[in-house]
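When reading the values below, keep in mind they use all heavy atoms of this one structure, side chains included, and skip hydrogens, waters and symmetry mates. Just follow the structure's listing: the first ligand is 1, and inside any ligand the first atom is 1.
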Amino acid sequence: MTMIKKNKQSDGKRVVIVGGGIIGCLTALYLHRLGAQVTILEKGQAGQEASWAGAGILCPIHPWLYPDSFSHLVDASLSLYPGMHEMLMEMSHTSIQWRKSGLLIPLFEDDRIEHRQQALAWSKRFHWQVEELDAAQCKAHEPCLNDQVAGGLLWPDVRQVRNPRLLQAVKQALETCGVMIREQAEVVAVQQSSSGHINAVSLANGERVEADAVLLAAGSWSGELASQIDLTLPIQPVKGQIVLLKDQPGTVNHIIKHDDAYLVPRSDGHILVGASMEYVGFQRGTTDTVVEQLLDATYKIAPGLKKAKIIQQWMGFRPGSPDGLPYLGPVDGHPGLWVASGHYRNGVVLAPGTADIISRWIMGEKPKIDMSDFRIQRPCFQHDSLGFPARQIMAAS
Ligand SMILES: Cc1cc2nc3c(=O)[nH]c(=O)nc-3n(C[C@H](O)[C@H](O)[C@H](O)COP(=O)(O)OP(=O)(O)OC[C@H]3O[C@@H](n4cnc5c(N)ncnc54)[C@H](O)[C@@H]3O)c2cc1C
């Protein structure tokens with residue numbers, strides 16, 4: 001593994017990570033490689049929340065709606081995927097199914113969202129290879145598409161991973177190198193010394209866990225914890241439901257994104273259909289209405305999928321910040337406290353980038369890219385001004 005070298009001078013820094021999702025677990029692994037003494041505290045089972053539920057598309061949905069700083073972070077993170085993949089393979093012997101399947105946005109006459117110009121301009125600016133397809137080329141690439149398709153945009157290099165396997169690989173790697181994940185360990189408070197330095201967390205069972213640094217990586221729940229030390233971290237859960245279909249392998253070849261749904265084909269014939277965007281707090285469970293909406297949208301994109309078997313449905317809570325950008329870095333006024341949370345729809349895309357930047361930063365190495373748009377105490381923008389969906393139950397856009 002060549003990606004991260006152990007830094008002997010930093011040996012022994014005790015870092016407690018609150019939250020065992022992809023962000024907490026991967027950052028723990030990177031911190032360990034830098035010589036920190038890491039403990040992950042997880043209130044339930046590690047890797048069972050948003051990070052397990054996600055679709056694993058390694059490209060943000062509509063990145064052109066975000067500020068440029070976000071695209072720079074995305075590029076930095078995706079550039080670390082090959083090294084992370086190699087490391088996980090070596091340490092866990094688990095394939096995360098990191099593979100190139102391309103992303104296709106088919107265009108129809110009655111599209112609700114107009115992408116073409118913005119998408120092309122963004123791709124050119126950020127050097128993402130994109131091809132404009134006519135109707136016939138679209139059907140040739142993806143025969144499952146509705147005959148009404150008028151054309152499309154294809155990003156051939158977009159990749160995907162299979163989330164549960166990613167989490168399994170990271171957890172196995174942590175075990176291999178002896179990093180402790182304490183499950184059923186709910187953090188209820190962050191504690192500070194008389195000088196104001198964060199020096200411990202308290203668990204629901206009354207136990208105190210001492211630390212030189214505490215990283216808040218509790219996904220959708222990070223805001224609740226932050227409020228206990230009067231820190232405003234306006235992260236709220238954005239529920240997403242997914243339906244899993246099964247057809248012959250090769251029925252769908254690319255990730256297909258259209259107005260109200262996306263399809264993510266796995267190599268074994270499973271097809272994920274996602275995902276709703278619901279502001280319903282922490283209400284768990286799937287609902288017939290949303291499942292029907294997702295299936296209707298699927299059959300509009302690819303009518304032939306009506307014959308695919310419906311296998312399963314699930315949901316997860318995306319940690320949504322008001323502007324869709326993650327909060328990353330140290331907390332002003334609370335030395336020793338760090339945040340890596342609020343990754344919204346992009347936590348898997350941004351996981352290696354977050355883990356790399358935050359682990360180095362905690363160990364004393366400042367980021368090489370401008371992180372000011374991701375600072376914790378930044379002003380709050382509204383979703384709507386950036387073209388985000390209105391705060392109501394709706395399928396993916
Ligand atoms: C349906 C859906 C589809 C998605 N698709 C994609 C996609 O295609 N690509 C992509 O990049 N992203 C996608 N995402 C977003 C991505 O999954 C998230 O951004 C990412 O998983 C967030 O990771 P996390 O570790 O911050 O949060 P989580 O995975 O939610 O982990 C947070 C952990 O913290 C724990 N915790 C909370 N409070 C406490 C506490 N007090 N004490 C101890 N532990 C605590 C929780 O139990 C949880 O395990 C999707 C999300 C969903 C729901």
Side-chain touch Tyr81/Val161, heavy atoms, less than 4.5 angstrom: yes

Any Val18 side-chain heavy atom under 4.5 Å of Leu215 side chain: no

Parallel, tilted or perpendicular: rings of His141 and His254 (30°, 60°): perpendicular

Any nitrogen or oxygen of [X] lying under 3.5 Å from a nitrogen or oxygen in ligand 1? Just yes or no.
X      : answer
Pro319 : no
Trp221 : no
Glu42  : yes
Ala275 : no
Phe317 : no

Under 4.0 Å, heavy-atom basis, I'd like to know which part of [X] is in contact with ligand 1: side chain, backbone, both or neither.
X      : answer
Tyr262 : side chain
Lys239 : neither
Ala185 : backbone
Leu225 : side chain
Val188 : neither

Heavy-atom proximity to atom 2 (C) of ligand 1, best of Ala204, Gly54, Gly47: Gly54

Minimum non-hydrogen distance to atom 21 (O) of ligand 1, winning option of Gly347, Pro60, Ser51: Ser51

Asn205, CG atom: more than 12 neighbouring heavy atoms under 6.0 Å: yes

Glu175 atom CD: more than 12 heavy-atom contacts under 6.0 Å: no

Separation between CG of Leu154 and CD1 of Ile105, rounded to the nearest 0.5 Å: 10.0 Å

What is the nearest protein non-hydrogen atom to [atom], stated with its residue, atom name and distance?
atom                    : answer
atom 8 (O) of ligand 1  : Ile57 N, 2.9 Å
atom 17 (O) of ligand 1 : Ala50 O, 3.2 Å
atom 43 (C) of ligand 1 : Lys43 N, 3.1 Å
atom 19 (O) of ligand 1 : Tyr344 O, 2.8 Å
atom 5 (N) of ligand 1  : Ala55 N, 3.1 Å
atom 41 (N) of ligand 1 : Val187 O, 2.9 Å
atom 34 (O) of ligand 1 : Gly19 CA, 3.2 Å
atom 52 (C) of ligand 1 : Arg318 CG, 3.7 Å

Distance-only donor-acceptor check, side chains Asn146 and Tyr299, under 3.5 Å: no

Polar side chain donor-acceptor pair, Gln191 to Ser202, under 3.5 angstrom: yes

Any Gly56 heavy atom less than 4.0 Å from ligand 1: yes

Under 4.0 Å from any heavy atom of [X], which atoms of ligand 1 are there?
X      : result
Glu186 : 41 (N), 42 (N)
Gly316 : 53 (C)
His343 : 19 (O)
Ile23  : 23 (O), 24 (P), 25 (O), 26 (O)
Ile242 : 1 (C)

Passing candidate, side-chain hydrogen bond (donor to acceptor under 3.5 Å, both in side chains) with Asp212, options His197, Arg14, Lys13, Gln37: Arg14

Co-members of Met315 in a cluster of I, L, V, M, F, W and Y side chains, linked at under 4.5 Å: Trp221, Phe282, Phe317

Main-chain N/O of Asp134 paired with Lys139 side-chain donor or acceptor, under 3.5 Å: no

Closest approach of Pro156 to Glu131 (non-hydrogen atoms, all atoms of both residues): CG-OE2, 3.6 Å

Stepwise side chain to side chain donor-acceptor pair (under 3.5 Å) test for Tyr66 and Asp323: CA-CA 8 Å; Tyr66 293 78; Asp323 52 13; over 6 Å; no

Partners meeting side chain to side chain contact (heavy atoms under 4.5 Å, CB included) with Ser69 (sequence neighbours left out): Pro67, Asp373, Phe374

